[in-house]
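All figures in this text were calculated on a predicted structure; none of them were measured in a lab. In what follows, every heavy atom counts, from backbone to side chain, and hydrogens, waters and symmetry copies are set aside. Chain letters run A, B, ... following the sequence lines, proteins first and then strands; every chain starts at 1.
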2 protein chains.
Amino acid sequence: MEAIIGPGKCPDVYDRNCPSRGILEHVTSRWGVLVLAALLDGTHRFSELRRRVMGVSEKMLAQTLQTLERDGFVLREAHPVIPPHVDYSLTPTGEDVARQVASLARWCETSLPRVEAARSVYDAQKAASHSAAALGSPGPDTGTARVRQ
Amino acid sequence: MEAIIGPGKCPDVYDRNCPSRGILEHVTSRWGVLVLAALLDGTHRFSELRRRVMGVSEKMLAQTLQTLERDGFVLREAHPVIPPHVDYSLTPTGEDVARQVASLARWCETSLPRVEAARSVYDAQKAASHSAAALGSPGPDTGTARVRQ
DNA sequence: CTGTATCCTCGTTGATACTG
DNA sequence: CAGTATCAACGAGGATACAG
């Protein structure tokens with residue numbers, strides 16, 4: 001009997017020890033997202049993925065593919081020929097996640113202008129409040145009200 | 001003029017240097033996903049989030065919230081009272097992403113059994129092929145065919 | 001309560017070289 | 001071509017202490 005505190009429901013990503021967090025981290029990992037999205041438009045070979053997902057090293061691509069294969073998201077088919085030929089594709093389950101993460105990735109692309117605008121505003125406000133503080137300028141009242149306890 | 005190779009489209013997550021990758025990494029970051037999901041059901045204080053997202057340290061929660069605020073996903077409202085009281089909520093843009101990552105998180109929870117089953121199969125096959133190799137057992141033909149070139 | 005600052009550790013990542 | 005092995009470096013992340 002280990003569970004001192006009872007979680008609301010068993011698979012709970014908010015729970016520090018719930019295994020579902022591991023899955024979430026696999027599919028949202030730096031390269032996992034991009035590999036899943038890349039496989040959404042069909043079977044690809046190792047080197048094709050390597051070119052498509054720009055910036056990934058051989059090591060990380062191999063590692064990512066193994067993790068996704070083990071979780072049942074990616075199907076690996078090695079053709080025993082020389083030189084080696086290995087095809088990677090999505091399982092039905094993998095297509096499910098892939099659609100979600102690909103959608104997220106596309107959302108990030110389209111939201112880029114909006115986000116960069118938000119960053120400008122944030123940075124400007126930050127700079128303004130810093131220089132104001134440095135000058136001892138009052139600025140908008142940042143006075144602290146006291147409450148009991 | 002820096003772009004030697006012309007990308008297909010400007011905001012492209014597959015491009016190593018595209019800023020959209022940064023956004024993707026922010027929203028899919030270890031704690032970013034959970035914080036966004038947690039804020040989906042309304043405004044929360046710092047300590048509430050800390051308790052809700054179990055396992056996050058103060059440092060990482062603060063850092064995550066700052067990143068998400070700068071990107072325009074999270075709204076921070078500090079009430080100038082003692083003791084300090086700060087409310088975090090989602091912006092309209094933030095709600096968009098939050099819905100997507102929360103959906104992904106829920107998917108991971110419900111898919112947990114399926115994934116664990118897949119892992120068992122994978123590990124069993126791995127163990128079987130290893131012991132077969134160690135024994136020099138033939139097993140299913142893994143012979144290599146030669147192709148020209 | 002809500003942070004920031006510091007230090008420190010550990011895992012992830014990348015470069016390189018090598019194997020089947 | 002498709003990896004694996006090894007090593008080095010960096011950065012995320014955690015613990016602690018302290019400030020507003």
(request) Round to the nearest Å and state the distance from A/Leu61 atom CG to C/dA15 atom P. (result) 14 Å
(message) Whole angstroms only, please: what is the CD-P distance between B/Glu69 and C/dT2?
(response) 15 Å
(message) Return the CG to CZ distance between A/Leu61 and A/Phe46, rounded to the nearest 0.5 Å.
(response) 4.0 Å
(message) Nearest whole Å is fine: how far is C/dC1 P from B/Leu65 CG?
(response) 16 Å
(request) Measure the spacing between CG of B/Leu68 and CG of B/Leu75 and express it to the nearest 0.5 Å. (result) 12.5 Å
(request) Starting at CD of B/Glu77, measure out to OG of B/Ser89 and round the result to the nearest 0.5 Å. (result) 5.5 Å
(message) Students often get this wrong, so: under 4.0 angstrom with heavy atoms, is A/Gln66 touching a base, only sugar-phosphate, or nothing?
(response) sugar-phosphate
(request) Check for a donor-acceptor pair, side chain of B/Glu109 on one end and backbone N or O of A/Val13 on the other, with a separation under 3.5 Å. (result) yes
(request) Using the side chain to side chain contact (heavy atoms under 4.5 Å, CB included) rule, take B/Val33 and B/Val27 through it: C-alpha gap first, then chi angles, then the decisive distance, then the call. (result) CA-CA 6 Å; B/Val33 180; B/Val27 303; over 6 Å; no
(message) I need the CG-P distance between A/Leu49 and D/dC1, as an integer number of Å.
(response) 14 Å
(request) Please report, rounded to the nearest Å, how far the C1' atom of C/dT13 is from the CD atom of A/Glu25. (result) 17 Å
(message) What's the closest nucleotide to the side chain of A/Pro83 if the choices are D/dC1, C/dT4, C/dA17?
(response) D/dC1
(message) With side chain to side chain donor-acceptor pair (under 3.5 Å) as the test, pick out the partner of B/Tyr122 among B/Gln125, B/Arg119, B/Lys126.
(response) B/Lys126
(request) Just grab all the side-chain hydrogen bond (donor to acceptor under 3.5 Å, both in side chains) pairs involving residues 50-66 of chain A, residues at least two apart or on different chains. (result) A/Asp41-A/Arg52
(message) Quick check for you: among D/dG3, D/dG14, C/dT2, whose closest atom lies nearest to any side-chain atom of A/Tyr88?
(response) D/dG3
(message) Heavy atoms within less than 4.0 Å of DNA chain D: which residues of residues 33-46 of chain A have one? Give them sorted by number.
(response) A/Arg45, A/Phe46
(request) Calculate the interatomic distance between B/Lys126 atom NZ and D/dT4 atom C1'; express it in whole Å. (result) 12 Å
(message) On DNA chain C, does the nearest nucleotide to A/Arg30 precede the nearest nucleotide to B/His85 from the 5' side, or the other way round? Give the residue.
(response) B/His85
(request) State plainly whether one hydrophobic cluster holds both B/Val86 and B/Leu36, where clusters connect Ile, Leu, Val, Met, Phe, Trp and Tyr through side-chain heavy atoms under 4.5 angstrom apart. (result) yes
(request) Working to the nearest 0.5 Å, report the span between OG of A/Ser20 and CD of B/Glu116. (result) 9.5 Å
(message) Does this structure show an ion pair linking B/Arg70 with A/Asp123, if we count only N-O contacts that are shorter than 4.0 Å?
(response) yes
(request) Sequence neighbours left out, what pairs pass ring-ring contact (aromatic ring centres under 6.0 Å, His included) with at least one residue falling in residues 56-94 of chain B? (result) A/Trp107-B/Phe73, B/His79-B/His85
(message) Under 4.0 Å, counting only non-hydrogen atoms across every strand here, what does A/Arg50 touch: a base, just sugar-phosphate, or nothing?
(response) nothing
(message) What's the angle between the local helix axes at either end of the helix from C/dC1-D/dG20 to C/dG20-D/dC1, using five pairs per end and rounding to 10 degrees?
(response) 50°
(request) Round to a whole Å and report the spacing from CZ of B/Arg16 to P of C/dT13. (result) 15 Å
(request) For A/Arg99, check side chain to side chain contact (heavy atoms under 4.5 Å, CB included) against everything at least two apart and list the hits. (result) A/Leu40, A/Glu95, A/Asp96
(request) With the side chain of A/Trp31 defined as its heavy atoms from C-beta on, choose the nearest nucleotide among D/dG14, D/dG3, C/dG14. (result) C/dG14
(request) Send over the distance from A/Ile82 CD1 to C/dT19 P, rounded to a whole Å. (result) 16 Å
(message) Below the 4.0 Å mark, does D/dA2 have OP1 or OP2 next to a side-chain nitrogen or oxygen of A/Ser47?
(response) yes
(request) Go along nucleotides 5-12 of chain C 5' to 3' and tag each nucleotide: B for a protein heavy atom under 4.0 Å from its base, S when only backbone or sugar atoms are that close, - otherwise. (result) --------
